[in-house]
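Report on the following structure.
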Amino acid sequence: MKKIIVLLISVFFLTSAFAQKTLTITGKVEGYSEGKIYLSKVTSPAPTKIDSIDVKDGSFSFTKGITNTDVYMVIFGKSRSGVILFPETQNIELTAKLNNGIIDNSDVKSGPIQQVYQEYTKTVKAAGVEMNKLYMDYQAAKTAKNEAETARLEKELNVKSDATDATEAKIQEMNASNLLGLYLITRKVYAYDYEKLKGCLANVSPIAQKSDIYRSLSERLAKMDKVRVGSIAPDFTLPTPEGNMLSLSQFHGKVVVVDCWASWCGPCRAESPNMVALYNANKDKNFTILGVSLDRPDSKDKWIKAIADDKLAWNQVS
């Protein structure tokens with residue numbers, strides 16, 4: 001952790017001096033001599049592929065449109081994980097080792113932001129190994145119905161999980177102005193409310209504001225602004241099961257619960273009895289529910305059947 005803090009201080013003084021620069025990514029990969037390598041920009045909620053090349057004897061190079069104003073990910077074939085890259089003022093050199101298609105380890109030569117990230121991932125990986133062992137012990141104690149040991153291990157797991165979260169939060173805070181801070185936001189943006197995300201984006205440097213990751217997070221903030229507590233709900237018009245168009249604004253003046261669900265959503269369907277009880281208890285009190293299905297058009301029959309099976313007596317659109 002001490003090494004990470006020292007690096008963080010270096011990053012703080014360097015980020016303000018960056019200017020946009022075109023760079024290259026070259027690399028060597030062991031355990032993957034043939035196949036495609038993909039380069040993506042990191043955006044929220046998912047990366048965007050921008051280039052692909054064939055690896056030759058374990059070597060590869062990307063040169064198209066790589067700047068220090070974006071975060072990138074290199075993915076080897078169909079691997080589910082990738083190597084995150086933070087271009088700064090110099091070209092990037094990447095070495096990686098794959099084991100059965102999974103990245104066993106990797107090393108990146110770049111600037112101080114990349115160094116901080118690599119130290120952070122090593123810390124998280126070590127903590128993950130330790131927590132996996134604890135979890136196995138926890139499951140064993142639970143199976144054996146050893147309540148005291150189960151409680152002790154559960155507490156220890158929570159302490160270590162909180163410590164990992166605290167480390168990530170500290171690194172995000174100390175890198176709030178640069179691309180590392182932005183990247184760490186994307187990892188847990190689902191847990192950010194409007195005010196927290198707005199505050200984080202307000203601290204981003206002008207150079208980092210040119211990134212696609214900043215743009216995608218700003219777009220998310222704009223959407224959150226429309227539906228945050230106290231705002232007027234944005235109107236929408238969607239078809240009913242009968243094919244008629246129905247708008248949220250038609251319920252103006254009522255207390256309306258907009259319930260997003262789908263026929264394939266187990267937790268949604270499990271909640272149906274509670275929604276039915278809520279509706280029946282309040283339907284005569286200027287209250288209603290508007291169901292908004294996320295079913296695909298080719299699943300219309302399943303949607304209609306779910307409405308009947310769950311006895312959803314209120315208006316439905318999809």
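- Other residues, nucleotides and ligands contribute only 12 or fewer heavy atoms inside 6.0 Å of the CG atom of D57.
- Side-chain atoms of S211 come within 3.5 Å of backbone N or O of Y214 as a donor-acceptor pair.
- Around the CG atom of D298, the shell of radius 6.0 Å holds more than 12 heavy atoms that belong to other residues, nucleotides or ligands.
- Residues V227 and L197 do not share a hydrophobic cluster, defined by chaining ILVMFWY side chains whose heavy atoms lie under 4.5 Å apart.
- Atom NZ of K125 has 12 or fewer heavy atoms from other residues, nucleotides or ligands within 6.0 Å.
- Residue I102 is not grouped with residue V74 when hydrophobic side chains (ILVMFWY) are merged at heavy-atom distances under 4.5 angstrom, including chains of intermediate members.
- A ring-ring contact (aromatic ring centres under 6.0 Å, His included) check over residues 271-295, counting only residues at least two apart or in different chains, returns the pairs Y279-W314.
- R228 CZ: more than 12 foreign heavy atoms inside a 6.0 Å radius.
- Other residues sharing a hydrophobic cluster with L248 under the 4.5 Å side-chain heavy-atom criterion for ILVMFWY residues are F236, L238, L246, F251, V256, V258, L290, V292, V317.
- Between D70 and I213, the closest heavy-atom pair is OD1-N, 4.1 Å.
- Scored by the ring pair (Phe, Tyr, Trp, His ring centres under 6.0 Å) test, Y72 finds no partners at all (sequence neighbours excluded).
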Query raised in the report: salt bridge (charged side-chain N to carboxylate O under 4.0 Å, His left out) between K133 and E130: does it pass, once the steps are laid out?
Result: CA-CA 5 Å; K133 184 181 183 305; E130 190 175 357; over 6 Å; no
